[in-house]
Amino acid sequence: MPVNMLNLPSYIVKLLKEAEHDYQIETETKDHPNKCPHCKSANLVGFGHRRQMIKDLPMHGKHVGINVDTKRFQCKSCNKTFYESLPDVDVKRLMTNRLVSWIGKQAVRRTFASISEDVGINEATVRLVFRDYVNELERTVRFETPKWLGIDEIHLIKPRSVISNIKSNTIVELLPNRDKDAVINYLSQLDDHEHILYVAMDMWAPLKDAIEVALPQAKIIIDRHHVVKMVNEALDRFRKIFRLSLTPKQRRGLMHDRVVLLKRESDLNDKEALTLSGWLNKYPELGSAYRLKEEFFKIYDATSKEAALAKYTSWEKSIAPEVIDSFSDLISAWHNWQPYILNYFDRDNGKDTELAEENCSLTSGYTESLNNLNGIINRLGRGYSFEALRAKVLFAEGALKKQIIKSLAEGKETVVHYGVDISTLIEMIESGHI
């Protein structure tokens with residue numbers, strides 16, 4: 001067998017046995033020890049041997065086992081015995097270093113079961129190798145603490161907290177739950193957490209309390225998406241109640257009403273616009289609810305807190321009694337969270353210099369990407385523990401966003417890691433690469 005087929009220079013290949021599903025490669029080490037590891041004496045004699053099977057990278061679609069005739073020695077100076085060490089073999093398990101590295105990288109994007117089948121080891125071993133791989137990544141790869149932090153909910157088996165770098169559109173951490181203590185613990189231990197100036201979040205009181213404890217310097221901003229989502233929910237709530245008062249024939253006349261009503265008026269095609277016009281003329285109450293939805297969106301055209309508050313106040317006063325119950329949750333949320341909702345409008349009016357300088361839209365690419373990810377992430381989660389899913393998301397090879405900064409003065413390069421790019425991660429999941 002050619003030596004380069006194994007490509008491990010420290011071993012001498014003596015024999016290759018090929019079976020239907022595997023290769024068995026008989027080898028011995030090229031260089032033997034010349035000193036005792038205990039007393040450093042060179043007075044060594046052979047003292048037997050043992051046969052060890054080392055798992056290696058699969059080859060030609062077959063499992064590979066390297067059978068090593070491992071020599072045992074005795075030191076005549078201290079009388080202690082020892083086996084020779086095996087080069088290129090992992091210190092924790094009978095696998096080559098290259099196989100351990102390969103399993104770790106493969107396990108980020110593949111199932112443990114498929115790797116187990118390819119290599120010829122059990123899934124538990126794959127899981128342990130992957131855990132060590134992730135631990136090493138976490139030790140060496142530190143994500144930059146962002147000035148703009150996003151904390152949102154994502155579903156991985158159950159609701160979790162996803163921590164994002166909004167400006168970079170990346171994910172920097174997944175927390176196992178959304179409780180206050182877990183968020184406080186994470187935020188307070190972040191490197192440079194005092195540099196976080198803005199936190200975008202949804203309307204979740206324990207999360208707000210956690211941010212105020214751990215990041216007292218940060219301005220809390222309720223992301224636009226979470227507010228306007230409630231007006232769509234209010235309209236849909238009214239739509240369902242309204243349909244109950246109609247005859248079967250009338251309900252058939254409102255075919256696909258949910259799709260049309262929840263669209264922005266500016267996004268309707270000609271057919272949808274004509275259909276909607278007919279519905280709203282025929283059913284004034286439905287028209288009132290739809291107009292409330294459209295007018296609420298216009299609040300976000302405001303360029304200052306004062307203008308936004310004035311638009312909201314006018315909007316609330318315009319609500320007709322017959323539809324107000326359906327919009328009550330939104331009204332309560334606005335009043336309960338008003339200061340944090342209005343913080344959004346500091347971005348463009350120059351009152352908050354940092355916000356204006358960043359020119360970072362909380363409602364464009366970041367929110368859209370995160371919503372898309374939330375919609376497909378459960379597909380990734382089948383059959384995995386949260387710990388495995390977290391690692392697959394945070395260390396997806398090819399999705400990590402980083403920048404190399406060169407220092408001419410010091411003559412060295414620094415790698416800054418920003419987290420895993422959300423859009424790239426979505427593409428990888430949808431294409432089956434994770």
Side-chain angles (χ1 to χ4, degrees), residues 1-137 139-140 397:
M1 172 185 174
V3 174
N4 65 359
M5 183 178 184
L6 186 58
N7 197 25
L8 290 174
S10 297
Y11 293 86
I12 297 172
V13 177
K14 300 167 67 177
L15 181 67
L16 168 67
K17 298 178 181 178
E18 181 177 1
E20 183 179 358
H21 301 294
D22 66 0
Y23 289 109
Q24 293 294 319
I25 304 172
E26 305 294 329
T27 70
E28 64 179 28
T29 57
K30 188 174 183 180
D31 299 312
H32 302 302
N34 53 24
K35 288 184 180 180
C36 172
H38 305 290
C39 69
K40 310 304 179 186
S41 169
N43 190 10
L44 306 178
V45 295
F47 201 71
H49 62 92
R50 67 182 177 186
R51 189 171 183 269
Q52 290 179 285
M53 199 275 283
I54 312 300
K55 296 296 293 186
D56 194 24
L57 290 169
M59 187 163 50
H60 308 147
K62 296 184 178 185
H63 305 159
V64 174
I66 302 174
N67 299 307
V68 186
D69 186 19
T70 309
K71 304 294 188 294
R72 188 185 185 197
F73 297 89
Q74 183 179 41
C75 175
K76 302 302 290 183
S77 298
C78 66
N79 287 326
K80 291 183 178 180
T81 62
F82 63 93
Y83 281 98
E84 64 180 328
S85 60
L86 298 181
D88 304 308
V89 174
D90 184 63
V91 296
K92 296 178 66 174
R93 47 187 68 88
L94 293 176
M95 295 182 186
T96 58
N97 290 328
R98 65 190 182 188
L99 175 59
V100 170
S101 176
W102 182 83
I103 289 174
K105 293 178 180 178
Q106 290 290 309
V108 172
R109 62 184 184 86
R110 293 176 52 191
T111 65
F112 296 159
S114 68
I115 297 170
S116 167
E117 185 176 353
D118 283 355
V119 177
I121 58 178
N122 60 50
E123 285 187 51
T125 302
V126 176
R127 189 175 293 107
L128 291 173
V129 172
F130 182 55
R131 184 185 64 189
D132 290 347
Y133 174 75
V134 171
N135 288 341
E136 179 62 18
L137 282 175
R139 188 184 69 82
T140 57
E397 194 168 352

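Not measured: the values here are computed from a predicted model.
Inter-residue side-chain proximity for V100 and V129 is flagged as met; some heavy-atom pair is nearer than 4.5 Å. Here the side chains of R131 and N135 are in contact, with some heavy-atom distance below 4.5 Å. Contact of the E84 side chain with the H49 side chain is not registered, since no non-hydrogen atoms from C-beta on lie closer than 4.5 Å. Side-chain contact between K76 and V45 is present, with heavy atoms from C-beta onward closer than 4.5 Å. By the 4.5 Å heavy-atom criterion applied to side chains, Y83 and Q52 are not counted as neighbours.
Shortest non-hydrogen contact noted between F130 and F112 is CD2-CZ, 3.4 Å. Between K35 and F82, the closest heavy-atom pair is O-CZ, 4.0 Å.
Taking Y23 as the reference, H60 meet the side chain to side chain donor-acceptor pair (under 3.5 Å) condition, with sequence neighbours excluded. Qualifying side chain to side chain contact (heavy atoms under 4.5 Å, CB included) partners for V89, counting only residues two or more places apart in sequence or in other chains: Y11, I54, L86.
A salt bridge links R98 to D56: at least one charged side-chain nitrogen sits closer than 4.0 Å to a carboxylate oxygen.
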Hey, can you pull the donor-acceptor pairs under 3.5 Å for the side chains in residues 115-122, sequence neighbours left out?
unit_1, atom_1, unit_2, atom_2, d
S116, OG, I121, O, 2.3
D118, OD2, R110, NH1, 3.3
D118, OD2, R110, NH2, 2.5
N122, OD1, A124, N, 3.2
N122, OD1, T125, N, 2.8
N122, OD1, T125, OG1, 2.8

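More than 12 heavy atoms of other residues, nucleotides or ligands lie within 6.0 Å of NZ in K62, so this atom counts as buried by the packing criterion.
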What's the verdict on side chain to side chain contact (heavy atoms under 4.5 Å, CB included) for D31 and S10, showing C-alpha distance, side-chain angles and the deciding distance?
CA-CA 7 Å; D31 299 312; S10 297; over 6 Å; no
